[in-house]
K.L.:
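A single structure is presented below for examination.
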Amino acid sequence: GAEDSASNYQGALQTSLYFFEAQQSGGLSPNSRVEWRGPACLTDGKDIGRDLGGGWFDAGDHWTANLTMSFAATTLAWSGIEYPEGYLESGQMDELLESLIYVNEYFLKCVLNPGCADPANELELAIGCGGREGVEEPAVHALWGPAEVAHLMTNRPTFRLNKQTPGGDIPGAMAAAMAASSMVIRQHASSLAGKHGYGNFAGPAFADRLLDAAEKLTLFARANWGPVVDDKLPKDEQEAIRKQRRLALRADGKVVEIGYRADPFDKVFVAASFLQRAHLAKDPGFGTKWFDFADAIYEKEYKAEYNNDWWKDFGAGCFGKLGAYNMMRLNPKAEKFHAELQLYCCSFCDYRTTAGGLRLREWSAHEYGSLRHANNAAVIALYYSRFVGQSPPLAGNTWWKKDKTNAELQAMYSRVARSQVDYALGNNPYRRSYLVGFGKDPFNNVHHRGAYGAWAGFDHFIPGKADDRG
């Protein structure tokens, strides 16, 4: 029925969008619905002479991490590209647009010199403020309290990347988010006409700014991503590459290792694939510039790092699969993208399940945030289920299909994906919703500073909760 937590997707969507408003750093969006939030961390970026207030706080913490923020923004925009009717029919398109505009205004601030003549070599970008690693105490985990006092009680240095302190992961991820968001904003921003705070908002012009910045970030990321981590390299060389990927320039001029960094190639691959889709959405006669750019990465660096051995499935992470999905949408007859997506989705459908039905790829690696892993995989399977029927016959050994037809794969992908969403929304052994504020008896004691309000320390609320993870 309509009150069933596992079927009321409209209510779940509304609650999920509300969460993004609760996560806002900086000044709040014009139509914020979160009565208990106020402006926060307005001095971010001051240590480099810039205004970097804005964006979303990371998870239950009060710092801005552009890698994970980009993943969230990309995922949100992607849903608006693939399923706009979900937002339109539930009356939530305006809320989606406001969240995307809000986070992308911050991303635009982070591109510190957008007018540079040679972005591949001259671009400089901010990648976040505050955090755990590379921050002198008191760092982010020293405070269990509301966002509005975080800047008064923790250090929030700005971190940057440039040619001297290079990186490809975060600029690639930001570019993907900006290109994807430009598509939603270009198509739907007219619905904001007359709404408070958007009287002079020009959607197409804003989308063009996002596309321009995304292109520059992608060129920088491609030129500064460093070498591939190949299994055949000595272990010390592999670790040296990984260490380089963790370096950033702190506001005081020191180069330090920071957290929330990642492999670069899948991020840039996804960025280029979204750039192609975004340009075609703007101009159907655009050509194949960014498709060719993405395909070259796919065939070289992407495969080199994520497919060193036959069993690696191009890396089990989901982000690269988003690039494969985009490329499949751009070239539906290309066998290789269907093959990668089908292998991934069939593997997901074969994940071992808990007694209650939650699917886990790595049984021992999901003690923290297991629902996100299952649902990240589920969204790939759900979106691709609409297109697997268009797949050409796949050459080679496709044992993982288990002789299923494309129609059978479509039904399986959709069914298994929905089961993971339903598990999170209440169809689990507890018969409780894991989405706070939604459904039947939701779990409320979440690891989230904003959920507690006051700031008397961890143990004031939950004995033994003091964060000792370092």
Side-chain angles (χ1 to χ4, degrees), residues 44-56 58 63-74 103-104 106-135 155-179 210 212-229 240-272 275 297 301 305 319:
D44 278 1
K46 186 177 179 180
D47 52 4
I48 63 167
R50 305 298 284 261
D51 170 19
L52 296 178
W56 297 323
D58 185 80
W63 59 300
T64 48
N66 287 16
L67 182 72
T68 47
M69 195 190 307
S70 295
F71 181 88
T74 302
V103 72
N104 279 284
Y106 164 77
F107 286 147
L108 287 170
K109 289 182 182 181
C110 288
V111 183
L112 300 176
N113 57 340
C116 65
D118 180 10
N121 293 296
E122 298 175 4
L123 199 69
E124 186 166 20
L125 63 143
I127 60 172
C129 296
R132 296 179 301 184
E133 298 84 359
V135 179
N155 288 319
R156 303 179 61 80
T158 301
F159 294 99
R160 288 171 286 172
L161 295 178
N162 53 29
K163 189 68 175 180
Q164 289 68 46
T165 311
D169 57 340
I170 296 178
M174 288 172 59
M178 297 167 88
L210 294 182
D212 178 70
E215 289 187 341
K216 291 172 179 175
L217 286 165
T218 302
L219 293 174
F220 175 87
R222 172 65 183 85
N224 293 279
W225 60 18
V228 167
V229 175
I241 296 171
R242 292 190 177 98
K243 180 176 180 178
Q244 176 63 44
R245 292 176 178 178
R246 296 192 293 268
L247 297 180
L249 177 63
R250 199 167 62 189
D252 60 5
K254 294 182 179 179
V255 176
V256 296
E257 288 189 53
I258 64 171
Y260 283 44
R261 301 297 298 276
D263 306 331
F265 308 117
D266 56 342
K267 317 301 183 295
V268 188
F269 170 52
V270 174
L275 280 170
I297 296 170
E301 289 85 3
E305 178 138 334
F319 204 69

K.L.:
For a quick test of reading the model, state the closest non-hydrogen atom pair linking A176 to V270 and the distance between them.
P.N.:
CB-CG1, 3.9 Å
K.L.:
Does D266 have any salt bridge (charged side-chain N to carboxylate O under 4.0 Å, His left out) partners at least two apart in sequence or in another chain, and if so, which?
P.N.:
none
K.L.:
Quick check for you: to the nearest 0.5 Å, what is the distance between L249 atom CG and F159 atom CZ?
P.N.:
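If we round to the nearest 0.5 Å, L249:CG and F159:CZ are 9.5 Å apart.
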K.L.:
To the closest 0.5 Å, what do you measure between OG1 (T158) and CG (L112)?
P.N.:
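Between T158 OG1 and L112 CG, I get 9.0 Å after rounding to 0.5 Å.
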K.L.:
By side chain to side chain donor-acceptor pair (under 3.5 Å), which residues pair with E301, not counting sequence neighbours?
P.N.:
none
K.L.:
List in chain and number order the residues that pass side chain to side chain donor-acceptor pair (under 3.5 Å) with E257, two or more places apart in sequence or in another chain; answer none if no residue qualifies.
P.N.:
R246
K.L.:
Any chance you could measure N121, atom CG, to K163, atom NZ, to the nearest 0.5 Å?
P.N.:
4.0 Å
K.L.:
In Å, rounded to the nearest 0.5 Å, how long is the span from CE of M174 to NZ of K216?
P.N.:
13.0 Å
K.L.:
Flag the pair D169 and R245 as a salt bridge only when some basic side-chain nitrogen lies within less than 4.0 angstrom of an acidic carboxylate oxygen.
P.N.:
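Salt bridge: no.
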K.L.:
Find out whether R50 and C110 are in side-chain contact, i.e. whether some heavy atom of one side chain is under 4.5 Å from a heavy atom of the other.
P.N.:
no
K.L.:
Taking side chain as C-beta onward, heavy atoms only, is F107 less than 4.5 Å from L217?
P.N.:
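No. Closest side-chain heavy atoms not under 4.5 Å.
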K.L.:
Please enumerate all residues that pass salt bridge (charged side-chain N to carboxylate O under 4.0 Å, His left out) together with D252, with sequence neighbours excluded.
P.N.:
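With sequence neighbours excluded, D252 shows a salt bridge (charged side-chain N to carboxylate O under 4.0 Å, His left out) to R250, given in chain and number order.
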K.L.:
Rounded to the nearest 0.5 Å, what's the gap from CD1 on I127 to CG on L67? Could you check?
P.N.:
9.0 Å
K.L.:
In terms of ring plane angle, is the pair F71 and F319 parallel, tilted or perpendicular, where the classes change at 30° and 60°?
P.N.:
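Ring orientation of F71 relative to F319: tilted.
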K.L.:
Using the test side chain to side chain donor-acceptor pair (under 3.5 Å), find all partners of T165 that sit at least two apart in sequence or belong to another chain.
P.N.:
none
K.L.:
Within this structure, what is the CG-CZ distance for the pair D47 and R156, rounded to the nearest 0.5 Å?
P.N.:
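Reported to 0.5 Å precision, the distance equals 10.5 Å.
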K.L.:
Indicate yes or no: at least one non-hydrogen side-chain atom of E305 is less than 4.5 angstrom from one of D263.
P.N.:
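E305 vs D263: side chains touch.
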K.L.:
Take W225 and I297 through the side-chain contact (heavy atoms from CB on, under 4.5 Å) test and state the conclusion after the steps.
P.N.:
CA-CA 12 Å; W225 60 18; I297 296 170; 3.8 Å; yes
K.L.:
Within the structure provided, determine whether I170 and K267 are in side-chain contact (heavy-atom separation under 4.5 Å).
P.N.:
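Result no, sub-4.5 Å side-chain heavy-atom pair not found.
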K.L.:
Could you check N66, T68, D58 and say which one makes a side chain to side chain donor-acceptor pair (under 3.5 Å) with Y260?
P.N.:
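Checked N66, T68, D58 against Y260; only one passes side chain to side chain donor-acceptor pair (under 3.5 Å): D58.
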K.L.:
Tell me every residue that passes side chain to side chain donor-acceptor pair (under 3.5 Å) with N162, counting only those two or more places apart in sequence or in another chain.
P.N.:
E124
